[in-house]
Amino acid sequence: MNTGMEKAKGRIKEITGKLTGHERLEAEGRTDQMKAKIRKTMTNVRHRAEGIRDSLKHDR
């Protein structure tokens, strides 16, 4: 699933939890949003590392 969609799903869960007073759903929503943020960060790190690796290969 796309990280943007994961984040949106988490936000919807969080808001729904707040509106209904369902603390667990609210917490799940915050967790889903954090997972999406971490996944996006890890993807960015991986892409940067691949770019560095490729630039080092071309410098030889």
Side-chain angles (χ1 to χ4, degrees):
M1 185 183 291
N2 173 322
T3 56
M5 292 201 38
E6 286 179 282
K7 187 174 180 183
K9 182 181 93 174
R11 186 71 179 131
I12 290 168
K13 276 186 177 181
E14 181 183 10
I15 291 169
T16 302
K18 282 182 182 179
L19 292 174
T20 60
H22 194 283
E23 292 178 7
R24 182 175 175 179
L25 186 62
E26 186 179 346
E28 282 180 23
R30 285 193 304 270
T31 301
D32 289 348
Q33 290 176 74
M34 188 57 64
K35 284 183 196 177
K37 186 175 182 177
I38 291 168
R39 184 170 285 126
K40 182 177 180 182
T41 301
M42 292 306 296
T43 299
N44 289 341
V45 168
R46 188 182 85 239
H47 286 149
R48 286 179 183 222
E50 289 170 353
I52 291 169
R53 181 196 66 206
D54 292 345
S55 69
L56 291 174
K57 280 184 179 179
H58 293 299
D59 287 345
R60 290 182 184 181

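Quick caveat: nothing in here was measured; it's all calculated off a predicted structure.
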Legend entry - K40 side, atom NZ; N2 side, atom CG - distance, nearest 0.5 Å: 9.5 Å
Inset, instruction - Check whether any side-chain heavy atom of E26 sits under 4.5 Å from a side-chain heavy atom of H22, and report yes or no. - result: no
Legend entry - Basic-acidic side-chain contact under 4.0 Å: E14, R11: yes
Legend entry - Note, D32 side chain near K13 side chain (heavy atom, < 4.5 Å): yes
Legend entry - E23 atom CD, neighbour heavy-atom count above 12 within 6.0 Å: no
Inset, instruction - Verify the neighbour count for atom CZ of R53: are there more than 12 heavy atoms of other residues, nucleotides or ligands below 6.0 Å? - result: yes
Inset, instruction - Return yes when atom CZ of R24 has more than 12 non-hydrogen atoms of other residues, nucleotides or ligands closer than 6.0 Å, and no otherwise. - result: no
Legend entry - Minimum side-chain heavy-atom gap K37-Q33 below 4.5 Å: no
Legend entry - Pairwise side-chain contact, T43 with T3, heavy-atom cut-off 4.5 Å (strictly under): no
Inset, instruction - Taking the side chain as every heavy atom from C-beta outward, state whether M34 and I38 have any atom pair closer than 4.5 Å. - result: yes
